[in-house]
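Side chains are part of it too, since the values below use all heavy atoms of this structure and drop only hydrogens, waters and symmetry mates.
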Amino acid sequence: QVQVVESGGGLAQPGGSLRLSCAASAASGSIYRFNTMVWDRQAPGKQRELVASITSGGSTNYADFVKGRFTISVDSAKNTVYLQMNSLKPDDTAVYYCNSDGWTHYGDGTIEAGRYWGQGTQVTVSS
């Protein structure tokens, strides 16, 4: 099984910055190789929406509403993705979720594909 853990949320003022982290890790004795890592978010009363994604090859994709303000990056060796959020707006207030799809390599030689989700981290932008 793969565990996905987000961190870095909190309170920021409008125009401020926050950096979110998301680490995907496999159980002892297995290795997880991700294909994509994705950040999405859900604000109260709204549907979940894609924020940004990145592939293992480094290709990125951003929602229009964060282009020029947010940057997604990855440390492949650590299976960790980062979301640098600048010029934050009150509309960015939401729970931010990380999910990852990839393959888990087990010690017995088996390989399992899957998509895994974190529990989310709250981001609040308010003065």
Please give me the minimum heavy-atom distance between [X] and [Y], naming the atom from each residue.
| X | Y | result |
| --- | --- | --- |
| G10 | L18 | O-CD1, 3.8 Å |
| P14 | S127 | CD-N, 3.7 Å |
| M37 | C98 | CE-SG, 4.3 Å |
| S56 | S76 | O-OG, 4.3 Å |

Q: Give a yes or no on whether Y97 and M85 share a hydrophobic cluster (residues Ile, Leu, Val, Met, Phe, Trp, Tyr; joining criterion: side-chain heavy atoms under 4.5 Å apart).
A: no
Q) Do any pairs count as a side-chain hydrogen bond (donor to acceptor under 3.5 Å, both in side chains) and have a residue in residues 112-124, sequence neighbours left out, and if so which ones? A) N99-R115, D101-R115, Y106-E112, Q122-T124
**Q.** Qualifying side-chain hydrogen bond (donor to acceptor under 3.5 Å, both in side chains) pairs with a residue from residues 6-15, counting only residues at least two apart or across chains
**A.**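 Not a single pair qualifies under side-chain hydrogen bond (donor to acceptor under 3.5 Å, both in side chains).
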For [X], give me all partners under salt bridge (charged side-chain N to carboxylate O under 4.0 Å, His left out), at least two apart in sequence or on another chain.
| X | answer |
| --- | --- |
| R19 | none |
| D108 | none |
| K46 | none |

To the nearest 0.5 Å, what is the distance between [atom1] ([X]) and [atom2] ([Y])?
| X | Y | atom1 | atom2 | result |
| --- | --- | --- | --- | --- |
| S126 | D92 | OG | CG | 12.5 Å |
| S100 | Q3 | OG | CD | 13.0 Å |
| I31 | T104 | CD1 | OG1 | 10.0 Å |

Q. What residues form a side chain to side chain donor-acceptor pair (under 3.5 Å) with N86, not counting sequence neighbours?
A.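 Residues passing side chain to side chain donor-acceptor pair (under 3.5 Å) with N86: S17, Q84.
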Q: Sequence neighbours left out, what passes side chain to side chain donor-acceptor pair (under 3.5 Å) with Y82? Give chain and number order.
A: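 By the side chain to side chain donor-acceptor pair (under 3.5 Å) rule, Y82 matches no residue at all.
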Q) So does R33 have more than 12 non-hydrogen atoms from other groups sitting under 6.0 Å from CZ? A)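 Open.
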Q) Are S53 and T36 side-chain neighbours, meaning at least one heavy-atom pair lies under 4.5 Å? A)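 No, side chains not in contact.
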Q) Hey, are the side chains of V123 and V125 touching, using non-hydrogen atoms and a 4.5 Å cut-off? A) yes
Q. Tracing side-chain links under 4.5 Å among I, L, V, M, F, W and Y, which residues wind up in one group with V38?
A.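 Members besides V38, by chain and number: L50.
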(Q) Test question: given the 4.5 Å side-chain rule for I, L, V, M, F, W and Y, name all other residues clustered with V5, or answer none. (A)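 Besides V5, the cluster holds no residue at all.
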Q. So which pairs with a foot in residues 76-87 pass salt bridge (charged side-chain N to carboxylate O under 4.0 Å, His left out), sequence neighbours left out?
A.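 Counting only pairs at least two positions apart or across chains, no salt bridge (charged side-chain N to carboxylate O under 4.0 Å, His left out) contact touches residues 76-87.
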(Q) Please list all pairs meeting ring pair (Phe, Tyr, Trp, His ring centres under 6.0 Å) that have one or both residues in residues 34-70, counting only residues at least two apart or in different chains. (A) none
Q. Counting distance only, does the side-chain N/O of N79 pair as donor-acceptor with the main-chain N or O of Y32 below 3.5 Å?
A. yes
Q) Looking only at atom types and distance, does a side-chain atom of S21 sit under 3.5 Å from a main-chain N or O of V81, one as donor and one as acceptor? A) no
Q) Can a salt bridge be assigned to the pair D64 and K67 using a cut-off of 4.0 Å between side-chain N and carboxylate O? A) yes
Q. What residues, two or more places apart in sequence or in another chain, satisfy side-chain contact (heavy atoms from CB on, under 4.5 Å) together with A94?
A. R41, A43, Y96
